[in-house]
Amino acid sequence: MDAPLPGHAALRDAGPYVWLSRYDIGAVARYEQVRAVLADWKTFSSARGVGMEDFEVHGRFRLPSLILEADPPEHSVSRDILSRVLSPLVLKTLRERFFEEADLLVSELLERRTFDGIKDLAEAYPLRVFPDAIGMSRDGREKLLPHADMLFNSFGPRNALFQASADKANFAWVDQQGRREMLQPGGLGMMVHDAAERKSMPPEKAAMLVRALLQAGLDTTINGLGATLHCLLQAPDQWLLLRQDPSLARAAFDEAIRLESPVQTFFRTATRDTTLGEIAVNSGDKVLMFLGAANRDPRQWAAPDRYDIMRRTIGHVGFGAGIHACVGQLLSKLEAEALLSTFARRVRSMEMTASPERRYNNTLRGLATLPVAIR
Ligand code: Z7Z
């Protein structure tokens with residue numbers, strides 16, 4: 001069985017709130033309690049960090065995000081700006097371009113016949129459309145993925161994985177990319193600046209919101225696309241369903257997000273004494289939410305380990321829930337729809353040509369390689 005799954009089952013079965021003495025943190029792995037923590041932002045705060053470190057105890061390792069690591073009312077201002085910029089109306093303007101790029105990429109892959117489903121598809125597609133949609137400069141885009149790898153490692157312990165990725169990341173460069181003068185007119189980045197200005201938010205803060213898009217929008221979507229391809233390769237019946245009806249592309253993506261949960265974990269900090277499933281939670285506890293475990297909780301899902309693109313996936317926590325639910329999810333779903341529906345329309349058959357290799361990160365779950373052949 002896949003490595004984390006027995007551990008997740010043990011955590012769910014151990015109780016509604018579990019103490020992890022090795023790290024001195026609390027954890028929730030059942031669907032009901034993960035939802036309860038996500039829903040109650042007053043009791044389970046993000047402002048002291050959503051990684052393992054408590055900002056009030058350990059200090060801040062860099063400027064906290066104005067949206068991820070904030071509570072209302074500060075959070076609401078940032079959220080409002082980003083949700084306008086990532087609204088259905090704005091995303092409609094990207095649609096045609098996203099489908100054209102998908103068509104070009106699938107043509108190239110059909111000509112090659114064999115390729116790496118991670119590097120050549122799951123990474124290649126977002127790298128072609130996402131930085132352009134933001135309007136970021138051409139130079140240095142190859143720094144985005146090493147940076148994201150470091151960032152998602154930084155939410156976990158300061159272990160060897162984190163250290164190795166930190167050595168390859170360039171913080172200063174990424175911080176620069178959000179500035180107005182670095183961005184193309186008409187892109188989402190510039191729209192963030194314009195919306196921020198209307199709310200009298202200073203330009204340095206607007207730049208941090210653009211940074212949030214760059215940090216949060218690429219690696220997450222990549223692992224979601226990689227997970228979908230991997231799921232489809234392992235479930236030929238579901239691949240057939242998708243080929244027969246490519247309009248199921250979004251459903252295939254959403255179900256892969258539920259099943260594989262590319263973002264596996266996140267933390268909150270308890271702001272008062274409370275209970276979870278009648279177990280005491282102490283004020284100041286760091287609470288680790290196992291999103292991936294909740295998304296396979298048999299207390300919530302029928303046949304939770306089955307990839308079923310006809311399933312009602314509503315309510316899964318792969319994009320979070322509550323006030324911090326992924327603000328960019330419509331953008332990621334548009335990328336998925338464009339790429340996967342085009343792929344399903346044009347590819348007649350596909351198979352894995354070797355075993356995939358896992359990629360390791362303290363927060364993200366995904367693959368390093370996925371060798372495939374298509375016709
Ligand atoms: O920089 C940011 O504001 C930021 C926001 C969200 C960075 C990362 C994320 C993020 C974290 C996105 C976990 C998805 C999952």
Side-chain angles (χ1 to χ4, degrees), residues 34 37-38 41 46-53 55 60-71 74-83 85-86 126 130 134 136 143-156 162 165 169-179 188-189 192 196 201 204-225 227 257-258 260-268 288-292 294-295 316-333 335-336 361-366:
V34 169
V37 171
L38 286 169
W41 58 266
S46 291
R48 285 160 71 172
V50 299
M52 205 163 141
E53 295 191 331
F55 290 165
R60 286 152 205 232
F61 118 94
R62 62 199 291 244
L63 279 181
S65 162
L66 297 174
I67 184 156
L68 181 72
E69 294 154 337
D71 295 333
E74 293 80 11
H75 168 267
S76 320
V77 180
S78 306
R79 175 84 190 188
D80 199 56
I81 292 169
L82 290 188
S83 56
V85 170
L86 297 164
F130 182 78
I134 302 288
M136 76 178 290
K143 296 187 181 76
L144 287 171
L145 288 181
H147 176 81
D149 192 44
M150 177 281 301
L151 180 81
F152 284 98
N153 273 325
S154 77
F155 299 125
F162 169 74
S165 63
N170 185 336
F171 298 72
W173 179 84
V174 175
D175 287 351
Q176 291 295 314
Q177 301 311 305
R179 292 166 47 181
L188 303 180
V192 171
M201 179 185 268
E204 314 82 68
K205 288 196 165 181
M208 284 181 65
L209 290 183
V210 179
R211 182 190 78 170
L213 298 182
L214 299 178
Q215 296 191 141
L218 203 51
D219 216 350
T220 46
T221 307
I222 287 169
N223 281 291
L225 293 173
I257 300 290
R258 180 196 67 82
E260 292 297 316
S261 301
V263 177
Q264 284 275 298
T265 45
F266 256 93
F267 297 79
R268 296 289 188 257
L288 168 50
M289 300 176 287
F290 282 92
L291 306 177
N295 279 340
H316 79 70
V317 290
F319 287 106
I323 67 166
H324 288 281
C326 179
V327 72
Q329 61 182 291
L330 293 178
L331 180 56
S332 85
K333 287 171 183 171
E335 291 175 67
N361 180 282
N362 286 335
T363 301
L364 298 174
R365 171 175 167 81

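Note: hydrogens, waters and symmetry copies are ignored here, and every other heavy atom, side chains too, is used. Bear in mind that the values here come from a model prediction, so they are computed numbers and not experimental data. All ligand and atom numbering here is 1-based and tracks the order in the structure.
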Write out each pair where an N or O from ligand 1 and one from the protein are under 3.5 Å apart, with the distance.
residue, atom, partner, partner atom, Å
ligand 1, 1 (O), Q215, NE2, 2.5
ligand 1, 3 (O), S65, OG, 2.4

With a 4.5 Å limit on heavy-atom distance, are the side chains of [X] and [Y] in contact?
X	Y	value
S78	M208	no
N223	D219	yes
H75	S46	no

Shortest non-hydrogen separation from T220 to P262 and the atoms involved:
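Nearest pair, atom of T220 first, then P262: O-CB, 4.3 Å.
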Taking side chain to side chain contact (heavy atoms under 4.5 Å, CB included) as the definition, give me every residue that meets it alongside A216, ordered by chain and number, with sequence neighbours left out.
none
Ring centers of F155, F267 separated by less than 6.0 Å
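Centroid distance F155-F267: not below 6.0 Å, so no.
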